[in-house]
Number of protein chains: 2
Amino acid sequence: MAKLDESLLAHLPPFSLLGREQIREILDLATSQRFEEGATVYHESEDAGRFYLLLDGTVRALHITPEGEHVTALHVPAGQLFGIARALGRSTYPATVETVSEAIVLWWPMSLWPQFIARYEGFATETYRTVGERLGEMQTRIIELSVLHVEQRVASTLLRLVDQTGRKAEGGILIDFPITRQDLSDMTGTTLHTVSRLLSAWQKQGIVESRRKQIMVCEPQSLTALSTARPA
Amino acid sequence: MAKLDESLLAHLPPFSLLGREQIREILDLATSQRFEEGATVYHESEDAGRFYLLLDGTVRALHITPEGEHVTALHVPAGQLFGIARALGRSTYPATVETVSEAIVLWWPMSLWPQFIARYEGFATETYRTVGERLGEMQTRIIELSVLHVEQRVASTLLRLVDQTGRKAEGGILIDFPITRQDLSDMTGTTLHTVSRLLSAWQKQGIVESRRKQIMVCEPQSLTALSTARPA
DNA sequence: CGATAACTTGACACAGCTCAACCTGGGTGG
DNA sequence: CCACCCAGGTTGAGCTGTGTCAAGTTATCG
């Protein structure tokens with residue numbers, strides 16, 4: 001395998017306090033791997049044998065119910081760790097992870113985890129911060145699912161995606177990975193039909209513009225208004 | 001303040017690996033405090049100045065929306081740590097915590113946190129396990145809110161409460177703290193009216209028996225069936 | 001240039017919300 | 001100690017948001 005460049009890690013939060021040599025050390029322990037769009041990295045409740053760093057692309061953590069319904073728990077943007085079951089005192093992965101777009105990852109055997117925590121300054125702190133952030137996201141999801149209507153949930157989910165992965169484009173902000181109505185409905189706990197109707201309606205009003213597997217938000221303020229509107 | 005007895009902590013997971021002296025040390029640093037039923041221990045986004053151990057009673061973590069709606073995130077049974085913002089890399093509390101019944105807690109200033117993590121064997125591990133468990137609970141909540149109907153959610157919430165805090169009683173298993181229809185609806189993202197209707201119906205079928213602020217489950221199997229039934 | 005995955009749209013039904021009116025048990029203060 | 005108060009609970013009536021069922025259209029890819 002080609003030697004990995006130190007600049008890959010040096011600026012990422014979990015490693016930002018480390019020197020050249022330590023980064024080199026970490027890279028030499030790592031394996032890099034490429035995944036196709038839609039590939040599964042690991043399955044829920046599988047033995048957590050590796051922890052990962054997402055170098056490029058986006059992945060999502062999801063659950064599949066016994067009835068086969070998909071529930072998307074969260075999205076992980078490039079630059080973050082995932083599969084960090086050990087940080088949660090678990091020996092199995094808590095969710096299935098699959099790639100949303102093509103992805104490049106580094107991974108290490110989980111047996112190195114204690115060493116990473118003990119030896120690399122800032123790694124533990126940043127890891128736990130990441131856990132905290134994800135917990136916060138999940139709380140937001142719970143609150144939204146509990147008190148908001150479908151239209152509001154879809155609106156605020158779109159806003160969150162724009163915020164996390166938006167890319168400026170001609171006439172609006174583009175969500176920077178392929179996303180279907182079904183995906184959006186898995187994130188909001190509704191059906192692809194309802195999402196489709198909402199997007200159609202919003203498109204007529206010029207709030208969004210969507211093609212197949214692609215959504216561009218033209219008027220974020222309108223979505224913000226929709227996401228907080230008092231229903232009735 | 002009266003000296004606290006070492007047996008209070010010795011058998012609890014975060015401290016189970018520690019010797020007498022270390023437990024003594026920890027107790028001498030602790031402050032004990034009693035809270036009335038329904039008292040607020042701390043508020044969401046408040047500066048996280050202390051971390052807590054719940055010695056007796058039950059507390060719940062909840063969020064209050066700008067519109068004043070309450071969303072219950074989780075329940076903490078006696079013997080667990082809470083308010084452990086630092087374990088999540090946060091400096092503010094992520095939720096409001098209030099007591100469900102009378103509660104006795106110990107607390108320590110958050111400034112001692114790094115010392116607890118570094119010095120007391122097993123404390124870190126157990127803390128992160130607790131975080132992992134709570135994250136798991138939240139995931140379950142998200143899945144349930146996404147794919148289950150109200151009736152199923154209320155049924156499985158009741159089952160969870162029975163499981164976590166159930167006490168064997170004459171004719172069924174009693175949920176061991178005062179709980180209103182409103183509380184249950186805050187946990188399931190519905191209204192107190194719907195919960196009331198469900199409980200009435202279930203009572204007619206002999207599945208539960210409920211008085212004011214009290215619910216007893218007589219036929220857990222029936223609830224299990226309801227919670228997994230394919231709607232339509 | 002099929003085949004198929006993604007998407008759209010209409011018609012309809014109903015779970016569960018809202019509004020409203022009413023009970024009731026248990027705590028408390030006069 | 002008992003009458004009052006009110007938080008907590010019940011139940012009905014009606015409406016509507018959203019799911020379900022169904023039938024179609026349109027991109028994209030091998």
Side-chain angles (χ1 to χ4, degrees), chain A residues 36-38 65 67-71 100-102 144-155 157-158 175 177-205 208-216 226-227 229-232, chain B residues 36-38 67-71 100-101 144-155 157-158 175 177-205 208-216 226-227 229-232:
Chain A
E36 299 285 347
E37 173 180 331
T65 67
E67 285 78 26
E69 301 204 69
H70 290 222
V71 177
V100 166
S101 50
E102 191 194 355
E144 290 185 354
L145 284 167
S146 297
V147 306
L148 297 186
H149 286 205
V150 167
E151 181 177 47
Q152 304 176 297
R153 300 207 299 265
V154 175
T157 301
L158 272 185
I175 290 171
F177 55 78
I179 181 168
T180 66
R181 319 295 181 220
Q182 175 79 61
D183 291 337
L184 251 183
S185 68
D186 288 347
M187 291 182 224
T188 49
T190 178
T191 61
L192 74 162
H193 307 279
T194 300
V195 170
S196 178
R197 282 184 240 273
L198 286 171
L199 287 178
S200 296
W202 293 344
Q203 180 137 3
K204 279 202 191 84
Q205 298 167 55
V208 303
E209 211 156 298
S210 70
R211 308 171 221 324
R212 154 178 277 241
K213 286 196 175 203
Q214 191 179 101
I215 300 172
M216 182 168 77
L226 282 169
S227 73
R230 292 270 57 201
Chain B
E36 299 284 347
E37 174 179 331
E67 285 78 26
E69 301 205 68
H70 289 224
V71 177
V100 167
S101 50
E144 289 185 353
L145 284 166
S146 297
V147 305
L148 297 187
H149 286 203
V150 168
E151 181 177 48
Q152 305 176 299
R153 300 208 299 265
V154 175
T157 301
L158 272 184
I175 290 171
F177 55 77
I179 180 168
T180 66
R181 319 294 179 218
Q182 175 79 59
D183 291 337
L184 252 182
S185 69
D186 288 347
M187 291 182 223
T188 50
T190 180
T191 61
L192 74 161
H193 307 277
T194 301
V195 170
S196 178
R197 281 184 239 274
L198 286 171
L199 288 178
S200 297
W202 292 344
Q203 180 138 4
K204 278 201 191 86
Q205 297 167 55
V208 304
E209 212 156 297
S210 70
R211 308 170 223 322
R212 155 179 276 242
K213 287 197 175 199
Q214 190 180 102
I215 301 174
M216 181 169 74
L226 282 169
S227 74
R230 292 270 58 204

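Keep in mind that this is a model prediction, so the values were computed, not measured. Because only heavy atoms are used, hydrogens play no part in the values below, and waters and symmetry mates are left out as well, while side chains stay in. Letters A, B, ... mirror the listed sequences (proteins, then strands); counts begin at 1.
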* So, is B:Ser196 near the phosphate of D:dG8, with a side-chain N or O under 4.0 Å from OP1 or OP2? -> no
* Rounded to the nearest 0.5 Å, how far does CH2 of B:Trp202 lie from CD1 of B:Ile215? -> 9.0 Å
* Asked: Over how many whole Å does the gap from A:Lys213 atom NZ to C:dT8 atom P extend?
  -> 14 Å
* CA sep, side-chain torsions, deciding dist, call: A:Ser227, A:Glu144, side chain to side chain contact (heavy atoms under 4.5 Å, CB included) -> CA-CA 10 Å; A:Ser227 73; A:Glu144 290 185 354; over 6 Å; no
* Asked: Could you state the CG-C1' distance from B:Leu192 to D:dG12, rounded to the nearest angstrom?
  -> 15 Å
* Structure fact -> To the nearest angstrom, the CD-C1' distance between A:Glu209 and C:dC7 comes to 16 Å
* Assign a letter to each nucleotide of nucleotides 10-16 of chain C from its 5' end: B, base within under 4.0 Å of a protein heavy atom; S, sugar-phosphate only; -, no contact. => BB----S
* Identify which one of B:Leu226, B:Leu158, B:Val208, B:Val154 satisfies the side-chain contact (heavy atoms from CB on, under 4.5 Å) criterion when paired with B:Leu198. => B:Val154
* Applying side chain to side chain contact (heavy atoms under 4.5 Å, CB included), run through A:Glu36 and A:Glu102 and close with a yes or a no. => CA-CA 5 Å; A:Glu36 299 285 347; A:Glu102 191 194 355; 5.6 Å; no
* Between A:Trp202 (CH2) and C:dT8 (C1'), how many Å, whole number? -> 16 Å
* Rounded distance (Å) that lies between atom C1' of D:dG8 and atom CZ of B:Arg211 -> 15 Å
* To do: Answer yes or no: is there a donor N or O on one side and an acceptor on the other, between the side chain of B:Gln214 and the main chain of B:Arg211, under 3.5 Å?
  => no
* side chain to side chain contact (heavy atoms under 4.5 Å, CB included) between A:Arg181 and A:Leu199, worked out -> CA-CA 9 Å; A:Arg181 319 295 181 220; A:Leu199 287 178; 3.0 Å; yes
* Tell me: CD of B:Gln203 to C1' of D:dT11, nearest whole Å? -> 15 Å
* Asked: Does a side-chain N or O from B:Ser200 land closer than 4.0 Å to OP1 or OP2 of D:dT11, or not?
  -> yes
* Let me know the distance between CD of A:Glu36 and P of D:dC29, rounded to the nearest Å. => 14 Å
* Specify the separation, in whole Å, of atom CD of B:Glu37 and atom P of C:dG27. => 11 Å
* Within the structure, does a side-chain N or O atom of B:Arg212 lie under 4.0 Å from either OP1 or OP2 of C:dG26? -> no
Please report, to 0.1 Å, the donor-acceptor pairs under 3.5 Å made by any side chain of residues 186-197 of chain A, with sequence neighbours excluded.
from	atom 1	to	atom 2	distance (Å)
A:Asp186	OD1	A:Gln182	NE2	3.1
A:Thr188	OG1	A:Leu184	O	2.8
A:Thr191	OG1	A:Thr194	N	3.3
A:Thr191	OG1	A:Thr194	OG1	3.1

